[in-house]
Amino acid sequence: MVDLKELAEKVDFVKVEILGIEGRRVIAKIGNQRKPRKLLALRTDEGEILAQGDSTILKILDEETGLAIYNTRGEFFFHLHPSAGARFGRFPREFVDALRSTLIEEGEIIGHLPEYLGGSPVYFGGCKSI
């Protein structure tokens, strides 16, 4: 098993520009992203924070150090695998705190279907660890 504190000391900080919070989403630019992304944050059943946005996904592995695995070129779970381009990095405390403050809870409404599909609410059903 890898010691997360030891790994955190070996990886670089990721440049993050937090532009604000809109509803339950954190608006930020990660790394060299040109346009800001709206990130929806949730907690997995293992207790890790997972954040997803347009072409961005990250999983905070250790909230204390900000250690995470992330990919700014994909938004699905398989993009968190190194073979899909995911990397390890340390995220600033302010960013981790912003994600923590907007966590979606199981059973909350996270959006609505388009009107041509009935406009029904979409509920968050929980997140299993990957």
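Closest of all the heavy-atom pairs between Glu48 and Ile60 is CB-O, 3.5 Å. Across all non-hydrogen atoms, the minimal contact from Val26 to Ala98 is CG2-O, 3.5 Å. Residues Leu80 and Ile69 approach most closely at O-CD1, 3.1 Å, considering heavy atoms.
Under the 3.5 Å distance criterion, the side-chain polar atoms of Asn71 are matched with a main-chain donor or acceptor of His79. The backbone N or O of Leu99 sits less than 3.5 Å from a side-chain atom of Thr102, completing a donor-acceptor pair. Between the side chain of Arg34 and the main chain of Asn32, no donor-acceptor pair closer than 3.5 Å is present.
With sequence neighbours excluded, the residues satisfying side chain to side chain contact (heavy atoms under 4.5 Å, CB included) with His81 are Ser83. Under the rule for a side chain to side chain contact (heavy atoms under 4.5 Å, CB included), the partners of Thr65 that lie at least two apart in sequence or sit in another chain are Lys5, Ala8, Asp62, Leu67. For Arg90, there are no salt bridge (Lys or Arg N to Asp or Glu O under 4.0 Å) partners at least two apart in sequence or on another chain. Remark: Glu22 pairs with Ile27, Lys38 by the side chain to side chain contact (heavy atoms under 4.5 Å, CB included) rule, at least two apart or across chains. Taking the side chain to side chain contact (heavy atoms under 4.5 Å, CB included) definition, one finds that Arg100 meets it with Arg43, Ile49, Glu63, Arg93, Val96, Asp97, Leu103, sequence neighbours left out.
For residues 36-71, the set of pairs meeting the ring pair (Phe, Tyr, Trp, His ring centres under 6.0 Å) definition, not counting sequence neighbours, comprises Tyr70-Phe91.
Linking Ile, Leu, Val, Met, Phe, Trp and Tyr whenever their side-chain heavy atoms come within less than 4.5 Å leaves Leu19 and Leu58 in two separate clusters.
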